[in-house]
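Numbered from 1 within each chain, the chains take letters A, B, ... in sequence-line order. Side-chain atoms are counted along with the backbone in the values below, which use heavy atoms only and exclude waters and symmetry mates.
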Protein chains: 2
Amino acid sequence: MPSLPTASVAVDLVVLTIRERALHVLLVERGIEPFAGAWALPGGFVLPDEDLADAADRELAEETGMRAGIHLEQLRTYGAPGRDPRGHVVTVAWLALAPDLGEPAAGSDAAGARWWPMDAVVAGEVPLAFDHAAIVADGLERARAKLEYSSLAAAFCPPEFTVAQLRAVYEAVWGTPIDPRNFHRKVTGTPGFVEPTGGTVAEGAGRPARLFRRGPVDTLHPPLVRAES
Amino acid sequence: MPSLPTASVAVDLVVLTIRERALHVLLVERGIEPFAGAWALPGGFVLPDEDLADAADRELAEETGMRAGIHLEQLRTYGAPGRDPRGHVVTVAWLALAPDLGEPAAGSDAAGARWWPMDAVVAGEVPLAFDHAAIVADGLERARAKLEYSSLAAAFCPPEFTVAQLRAVYEAVWGTPIDPRNFHRKVTGTPGFVEPTGGTVAEGAGRPARLFRRGPVDTLHPPLVRAES
DNA sequence: GAAATAGTGTCTATTAGACAGTATTCT
DNA sequence: AGAATACTGTCTAATAGACACTATTTC
């Protein structure tokens, strides 16, 4: 038999993107207590009889104004008793990877929403509400690990992208430079990772780059391993 | 401001072990509706002001009688509106990997608890309650993937084990035979994966095997990749 | 032409996989 | 002795990483 509901269920989103060759995370400024003035992950309570994935989708659309083309996956659930001073709130965190969307949508219901450089957030330079610092750290580690063995890096890119753009994703998320020549051979030589569209694009000086779209493969065999620590 | 609690929060456990060289999952027979007579994952509701990890620990101890030496990690949270006919129940699923514990503890509060071969469960030969078939499938896939890039296989072994025992774990979870010679070289040649205890053990005919314990390394570099599909 | 970026070729040290061969036990 | 299992050595094809080189553009 079901016990009476004892906890509120919420969703929180770790939305990552690449801006100016650096990883950024979307945060909203809290206007009310608790943690008024601090920054928090976008999110909200799950509606009655709403699926968790639907709630995450809804919050993502509200904050970014976009729905299609954004990768969204469940990250982890946090439910320590003291994590929210208002009571026992269990939050299901989701990880979203998006191409550069520009400044947060005007339709956003949060007064102040902005992209923060991940470096500043992990360095503790941004005051974060609740246990959101730990959630951001978990999301970052998930993203770093997934780039190794999945083709998820393309989720940070627009539908058509160059190999250099894809390499910039790896360099921003991992924080390490990558040899452009070997990266090019690795990416184009892994069947199903990326597919040429036939088009090219010129960005400033240099030979124009070929355009690619995401291939059908999700899991990379063999993985694209980052250098050991 | 917190909305009123609208959902019950539960934990469910996917407890895996190796018995007779095959992967098994712990299931309990439901005595009451809904799904009376069907088999379900061990689990229960989270107590007021109880941490999710504490609830999982508690259920694990109740069902297996053991607490130490069992690997426990969060798997995923399930909250589709219709997944429980009694109302909106959000369940946080956990994955536990244990050495062979024998039959479920007598102190278990579930009348019928037993180890089911994973093969029979994924083949649909065991009627499962709620959405537990999907949760078991997710747990299996997580375990399979984690063996590749982590030293987690040792969680299926007692504190001291032989290389052959460790290899039996990989063969049971992946369902593929592995060359004993290359496996031995790979495992003993990866620094920090396993450490020799100095002891040996003889099992029937053949040269006695050296005993090992888990090493300090969690992540395998490079990974131990399974054959492609 | 100089500079910049895209893309290809090549060399080498390392590794995965196949499998021969040695070591040590039980029956 | 024969069978069974543990462990080590060796060969080969494939791969990662370093980096020279060619291709195509802007200034």
Can you measure [X] atom [atom1] to [N] atom [atom2] for me and round it to whole angstrom units?
X: B/Glu148; N: C/dA16; atom1: CD; atom2: P; value: 13 Å
X: A/Asn182; N: D/dA14; atom1: CG; atom2: P; value: 19 Å
X: A/Lys186; N: D/dT15; atom1: NZ; atom2: P; value: 9 Å
X: A/Arg185; N: D/dC19; atom1: CZ; atom2: P; value: 14 Å
X: B/Phe183; N: D/dA6; atom1: CZ; atom2: P; value: 12 Å
X: A/Arg226; N: D/dA16; atom1: CZ; atom2: C1'; value: 18 Å
X: A/Phe161; N: C/dA6; atom1: CZ; atom2: P; value: 14 Å
X: A/Ile178; N: D/dA18; atom1: CD1; atom2: P; value: 12 Å

So, OP1 or OP2 of C/dT8: does either fall under 4.0 Å of a side-chain N or O from A/His184?
yes
Would you mind reporting whether B/Pro42 and B/Leu13 have side-chain heavy atoms less than 4.5 Å apart?
yes
Per-pair distances, 0.1 Å, donor-acceptor, side chain in residues 117-133 of chain A, under 3.5 Å, sequence neighbours excluded:
| unit_1 | atom_1 | unit_2 | atom_2 | d |
| --- | --- | --- | --- | --- |
| A/Asp131 | OD1 | A/Arg83 | NE | 3.3 |
| A/Asp131 | OD1 | A/Arg83 | NH2 | 3.0 |
| A/Asp131 | OD2 | A/Arg83 | NE | 2.8 |
| A/His132 | ND1 | A/Leu41 | N | 3.0 |

Taking the minimum atom-to-atom distance to the side chain of A/Arg181, which one of D/dC7, D/dA20, D/dG17 wins?
D/dA20
Check [Y] with [X], please: is the shortest side-chain N to carboxylate O separation under 4.0 Å?
X: B/Arg19; Y: B/Glu103; answer: yes
X: A/Glu29; Y: A/Arg114; answer: no
X: A/Glu195; Y: A/Arg214; answer: no

Please name the pair of heavy atoms, one in B/Val173 and one in B/Arg144, separated by the smallest distance, quoted to 0.1 Å.
O-NE, 2.9 Å
What's the verdict on side chain to side chain donor-acceptor pair (under 3.5 Å) for A/Asp12 and A/Tyr78, showing C-alpha distance, side-chain angles and the deciding distance?
CA-CA 10 Å; A/Asp12 281 311; A/Tyr78 303 80; over 6 Å; no
A/Leu147 and A/Val169: CA distance, side-chain angles, deciding distance, side-chain contact (heavy atoms from CB on, under 4.5 Å) verdict:
CA-CA 9 Å; A/Leu147 289 206; A/Val169 170; 4.3 Å; yes
Hey, can you pull the residues of residues 163-177 of chain A with a non-hydrogen atom under 4.0 angstrom from DNA chain D?
none
What residues 191-210 of chain B contributes to the DNA chain D interface at heavy-atom separation below 4.0 Å is B/Ala205, B/Gly206, B/Arg207, B/Pro208, B/Ala209, B/Arg210
Going by the angle between their ring planes, with limits at 30° and 60°, are A/Tyr149 and B/Tyr149 parallel, tilted or perpendicular?
parallel
